[in-house]
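What follows is a short report on a single structure.
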Amino acid sequence: MNGKAEPDDLNKLERLANNIKKSAICGLGQTAPNPVLSTLKYFREEYVEHVSYNKCRAGYCRALCNLVINPEKCRGCGICKRNCPVGAISGEVKMPHEINQKICIKCGTCADKCPFHAIEKQTI
Amino acid sequence: MVKLVIDNKPVEVEEGTTILEAARQNGIDIPTLCFLKDINEVGDCRMCIVEVEGRKGFATSCIQTVEEGMVVKTHSPEILEARKTILDLILSNHHKDCLTCSRSGNCELQALSIKFNVQKVEYEGEMSKHKIDDKSPAIVRDFNKCILCRRCVATCKNVQEIGAIDCIERGFSSCISTTYDHSLNDVDCTFCGQCIESCPTGALREKEYIDEVWEKLKDESTYVVVQTAPAVRVALGEEFGYPIGTNVKGKMVTALKNMGFDKVFDTNTGADFTIMEEANEFIERVKNKGTLPMITSCSPGWVRFAEKNYPDLLDHLSTCKSPHQMFGAIIKSYLAQKEGIAPHKICTVSVMPCIAKKYEASREEMEVDGNRDVDYVITTRELSRMIRQANISFRELEDSDFDDPMGEATGAGAIFGTTGGVMEAALRTAADTLEGKNLEKLEYTQVRGEKGIKRAELSLGGMPIKVVVASGLSNARKIMEEIKNGTADYQFVEIMACPGGCVMGGGQPIKSSKIRSAVDVRKLRADSLYSIDEASTIRKSHENPAIQKIYQEFLEKPGSHKAHKYLHTHYTAKEKYEI
Amino acid sequence: MGKKSIQEIEEIRNRKRQELELRVNTKADTREKHILVCHGTGCTSSKSPKIIENFRKILEEKKIKNVRVIQTGCFGLCAKGPIVIIRPEDTFYAQVKPEDCEEIIQSHIVEGKTIERLLCKDIDGTIVNRLDELNFYKKQKRIALKNCGVIDPENIDEYIAFDGYKALYQVLTTMSQDEVIDEISKSGLRGRGGAGFPTGKKWSFAKQNEADQKYVICNADEGDPGAFMDRSILEGDPHSVLEAMAIAGYSIGATQGYIYVRAEYPIAVQRLKVAIDQARDYGLLGKDILGTGFDFDIDIRLGAGAFVCGEETALLESIEGRRGQPRVKPPYPANKGLFGKPTIINNVETLANVTRIILNGAEWYASIGTEKSKGTKVFALGGNVNNVGLVEVPMGTTLREIVFDIGGGIPNGRKFKAAQTGGPSGGCIPAEHLDTPIDYESLTEIGSMMGSGGLIVMDETKCMVDIARFYLDFTVSESCGKCTPCRIGTKRMLEILERMCERKSRARRFKQIRKISQ
């Protein structure tokens, strides 16, 4: 990366945001970068975590969190296991199931299908 | 006068001048993309942004007029970065296939990329994908190369007042297209091609027939005949570095011969035929109280416009075919007989400044006895590409003349290429006919010039005649409304779809926005045609010996049954696009 | 009904005001009870029309004569909707269901007993009887929203009762054009649509231009996601906007006004139509208003689903029948606007303040707020906050006060992370700036902006990168596509943010590639 201290995405984003602000015709374009610039100003660490460590501290960005089955809520119905496109979930009927993080591609299908909302996001 | 400072240089310009013009007048070139003088002044592309002291944000120099005491900076580091980013963004949504693009070397986007030394695009991302529209015989619309400058929209809507294209969808999905994204073939496009002349990139271009023509030239059993329109010879040279309007007829003919055409003819001769027939038709209508005013019909963009918008007034159009169609019909009948070649073995190619001619040649009426009058139409631009493909060093060619037997053409034929030319040529013949003698008067300057509508009152053979010359479809519409409302008190009208006439046709070399702002391209090309006319020995169509011979030997006389068979046509109402 | 003279208007005013005293005075001398039911969009979608219908049906069945059921505009505490308020006692029933109507009539109206279970519970658990006992309302000052929740917006007489059209008459008969503009300027009123341009200044620019026609436009194309301030004013007090537009028209020399309202506000559109018809009927709009010789009429123009048409020049293009795309400024609309004529474009909330300023005086208005930001601002409070709803506070109120004192703090025991003001055009304010006073300059200084009034509160479960992505997603789909930086630039910004949220950022890829190649 040529020794740049910042990952280049952050840099590019900030420069682009500033240029759009100055050159757009109307208020919509001129202010569109504001949410980006203000969150960069006050929450830069979150951006850096997303970019450099692929981590989402709020536990919101699905692709950056582990999906974990809460054993207390899981009823072992097996719906998640049947719908997993990569076979990352294992477990016996009526027993708490488990997601293998090494195989999981974080598509979120299991969480969407679980009728007991037993699958949660955990920050890595 | 207003005094201001641009880049630390004090300048003085007239009130009402934009910052862009003021800068350019003083040697400072601010880059633009969407700016097209008097046609598209909207400030869309943001390339022309400048800093004005005391003002928040950047000013749009192509729109903003100068104010006393303004201090402008056109290339501060901030501006340069913003401009570079904007160019980068445009390029990020542009297929960078310059190598295979028909506009490579004459593309305004490419020119800016070179000027800004763009070596890579920083903000790559999703690109617009759109099907190419090449359904029509004349024009190809490739939105993948569009930069959304809207110059074409402004031309179609404000100059030609057709409005066949506009922006659909919004945001990143914005697309310059037709209503419901139909092909141009299926809406009210007249194929005038003015949009192509306005397009800075390769998003709009003609349907090419270069490969087909090469195929025919390759085929030994085919007799390939080419004819060139008057407007071509005063513009072709521009593709090879000659000043705008240089008459390169001699080299053009040599190039065509070198390319392997069996015969190289002059469409001006065809124009002489057109005058013979049209002048005769006009006099007949006047004598026999036929439908007046009579309107010329050699502009196929105009004809399509009339068929779509004024189907009830089609009787006003002259039944004459256009020059190259007439000439094509003569070639496949008279010349075929003379040379002893079967008509179906002849391939006629027209080099035209026009893309509507491609559509015209494909009209079902444009054939006689199963032989198409014209097989292929290529534009001035296509010819220049073919010349290059053939490794011909154009500038080093010797001059040569058109082929016999029909190589002669008059000055009257030559001026067809400019607005007012057809009218003037027709008047020369009509006047002599009505007077019954050879008149000294040749030039009718009242019908020359750049005005959109020119009106003149004359006396021909003792008859008072009022004539009108209109160019540009917006002016055509005005005239047709006068005829529709019954307020038309004139007898003869010349209408050209392209503003300025054929010299500014949709197939001519494309001039950049900067050149169009500074130079009167139309005048340079048109003046060249008038010079050809002045230098001609014969300047009236009916005095052309080749024409006289063909009438004697073949057509009998203007308006004869045979003349009608080969040289006349008819028109049909075309449906307008309904939502 | 027919055209009314000023004397007739005054007669209506006095008569109705007595009749409606109980709406604003718990000690009003009356035998009537008025059941006010919120009929704003929020409560409507929670079946408040059915509640109104049920009340009316039950009252009819029980042959109770001295009770009226009135539909009103938004009370503000949307979190507790549907809201029913019984006047004159000002009893506040929250989260009422249509099935509760029977009990309310029987128990409260007939037997005079308040229904405990329907009373509103404050955040700390205290049960309150009356609206003004709630912490939610204590720090608010309802000026623009003064009539919302008090009057029936579809009854012009009720508007007249509470000083309606009094300001217009005052202006037309006792004030010159310059005096009106002066008064508005002195009040310090600034555009509430987001930019905060001084309203008096804008009007004076338009007045200075000579033209055969001028226009007054009300920008009711409220597009910010989560914002419903303008909607509530239009639904609850449409006449205040009409009256203000007429006043503005008089001051700049315009005889025609347009209200450009988004089609996605059907209730607001309906209320406006009714209000305009009623005003025209009384002769308060149209030719020779109140016999003063002043002509002014208003027509509605509907939007068609484009956020960008909230931008004033795109709005002008839209009214002119063209594609809704902004124009390059200058020229400014006050000089060259609708159809090339001098035009002023004002936000709904800005206009709603005009009659109050004329009637109470510029000094009164200027005494509220801060030095550079006068008056109050309406906010649509939403997100991770307990008291979701519409609030109106004096400028200078701190963010902390709004979120915690008025908003009741963050639910589920979570912590405040940030507040977003200004919607897709605004910025996030972190916890360290909670004590920032809300005014135009202070917000801009910390990197945000006032905006139109959307205020979204976020707790620690919100990812700030995703918040930026969310707003940019909106902007990208709403961009008109005219200029390069917005059309392509915002899309590219969005792509970068999406990469960040989907673990495709360049840095990681580079690290991976480097690792593989070692």
Side-chain angles (χ1 to χ4, degrees), chain B residues 18-19 33-35 41-49 52 55-65 67 81-94 109 112 121-128 146-150 153 157 163 166-176, chain C residues 195-197 223 303-311 313-314 317-318 320-332 335-336 424 444 449 469 472-500 502 504-506 509:
Chain B
T18 59
I19 299 179
L33 270 177
C34 70
F35 176 73
E41 299 177 3
V42 285
D44 284 0
C45 66
R46 316 309 291 152
M47 285 304 287
C48 71
I49 44 178
V52 172
R55 200 176 290 193
K56 208 173 67 156
F58 296 147
T60 314
S61 65
C62 67
I63 296 179
Q64 175 76 58
T65 45
E67 284 162 24
E81 195 191 321
R83 248 188 232 144
K84 190 170 159 300
T85 306
I86 292 162
L87 185 59
D88 192 284
L89 289 173
I90 297 175
L91 290 172
S92 77
N93 194 23
H94 194 84
L109 182 64
L112 274 183
V121 173
E122 194 175 0
Y123 294 102
E124 295 279 20
E126 183 187 326
M127 289 175 70
S128 307
C146 177
I147 58 168
L148 280 145
C149 65
R150 322 285 170 105
V153 174
K157 207 193 282 194
D166 207 330
C167 191
I168 61 171
E169 308 283 341
R170 70 170 179 227
F172 192 76
S173 317
S174 294
C175 175
I176 305 294
Chain C
F197 190 81
F307 172 71
V308 70
C309 286
E311 197 280 335
T313 57
E317 290 285 298
S318 178
E320 291 185 16
R322 289 200 289 267
R323 193 176 149 92
Q325 285 177 163
R327 303 172 183 170
V328 171
K329 296 191 276 201
Y332 292 94
N335 299 328
K336 203 166 165 209
T444 317
M449 68 185 275
R469 188 203 58 78
L472 215 39
D473 192 44
F474 176 79
T475 309
V476 166
S477 68
E478 294 293 335
S479 166
C480 75
K482 178 169 161 153
C483 73
T484 317
C486 182
R487 183 180 76 242
I488 310 181
T490 54
K491 173 94 177 161
R492 295 290 176 248
M493 278 204 293
L494 177 63
E495 285 168 350
I496 295 176
L497 286 170
E498 281 175 342
R499 277 207 298 272
M500 290 180 181
E502 289 170 27
K504 285 186 207 144
S505 83
R506 292 253 151 79
R509 280 215 298 269

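Please read these numbers as outputs of a predicted model, since none were measured by experiment.
Ion pair B:Glu126/C:Arg492 not flagged as a salt bridge, since none of the NZ, NE, NH1 or NH2 atoms sits closer than 4.0 Å to an Asp/Glu carboxylate oxygen.
With rounding to the nearest 0.5 angstrom, the CD atom of C:Glu495 is 12.5 Å from the OH atom of B:Tyr123. Distance SG/B:Cys34 to NZ/C:Lys482: 8.5 Å, rounded to 0.5 Å.
Legend: residues meeting salt bridge (charged side-chain N to carboxylate O under 4.0 Å, His left out) with B:Glu169, ordered by chain and number and at least two apart, are absent. Residues meeting the side chain to side chain donor-acceptor pair (under 3.5 Å) test with B:Lys157, sequence neighbours left out: B:Asp166.
Only the side chain of C:Lys491 has a heavy atom closer than 4.5 Å to any heavy atom of chain B. Heavy-atom distances place the backbone of B:Ile147, and not its side chain, under 4.5 Å from chain C. Interface remark: B:Cys167 contributes backbone and side-chain atoms alike to the contact with chain C (heavy atom separation under 4.5 Å). Looking at B:Ile63, the atoms closer than 4.5 Å to chain C (heavy atoms on both sides) all sit in the side chain, from C-beta outward. When heavy atoms are compared at a cutoff of 4.5 Å, C:Ser477 approaches chain B solely by way of its backbone atoms N, CA, C and O. Contact of B:Leu87 with chain C is not made at all, since no heavy-atom distance falls under 4.5 Å. Both the backbone and the side chain of C:Glu478 come within contact range of chain B, judged by heavy atoms closer than 4.5 Å.
Here the closest heavy-atom approach between residue B:Leu148 and residue C:Arg487 is recorded as CD1-NE, 3.3 Å. Annotation for C:Ile488 and B:Ser92: closest pair CG2-OG, 3.7 Å, computed over non-hydrogen atoms. The two residues B:Arg150 and C:Gly481 make their nearest non-hydrogen contact at NH2-O, 3.0 Å. Of all non-hydrogen atoms in C:Val328 and B:Val42, the two that sit nearest each other are CG2-O, 3.5 Å.
The closest donor-acceptor contact from the side chain of B:Arg46 to the backbone of C:Cys483 lies at 3.5 Å or more, if one exists at all. Side chain of C:Thr484 to main chain of B:Ile86: no donor-acceptor pair is present (N/O by atom type, distance under 3.5 Å, no hydrogens or angles).
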Apply side-chain contact (heavy atoms from CB on, under 4.5 Å) to residues C:Arg323 and B:Arg170 and explain how you reach the verdict. CA-CA 10 Å; C:Arg323 193 176 149 92; B:Arg170 70 170 179 227; 4.3 Å; yes
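B:Arg55 has its side chain within reach of C:Pro330: a pair of non-hydrogen atoms, C-beta onward, lies under 4.5 Å apart.
For NZ of C:Lys329, the number of neighbouring non-hydrogen atoms (other residues, nucleotides, ligands) closer than 6.0 Å is greater than 12.
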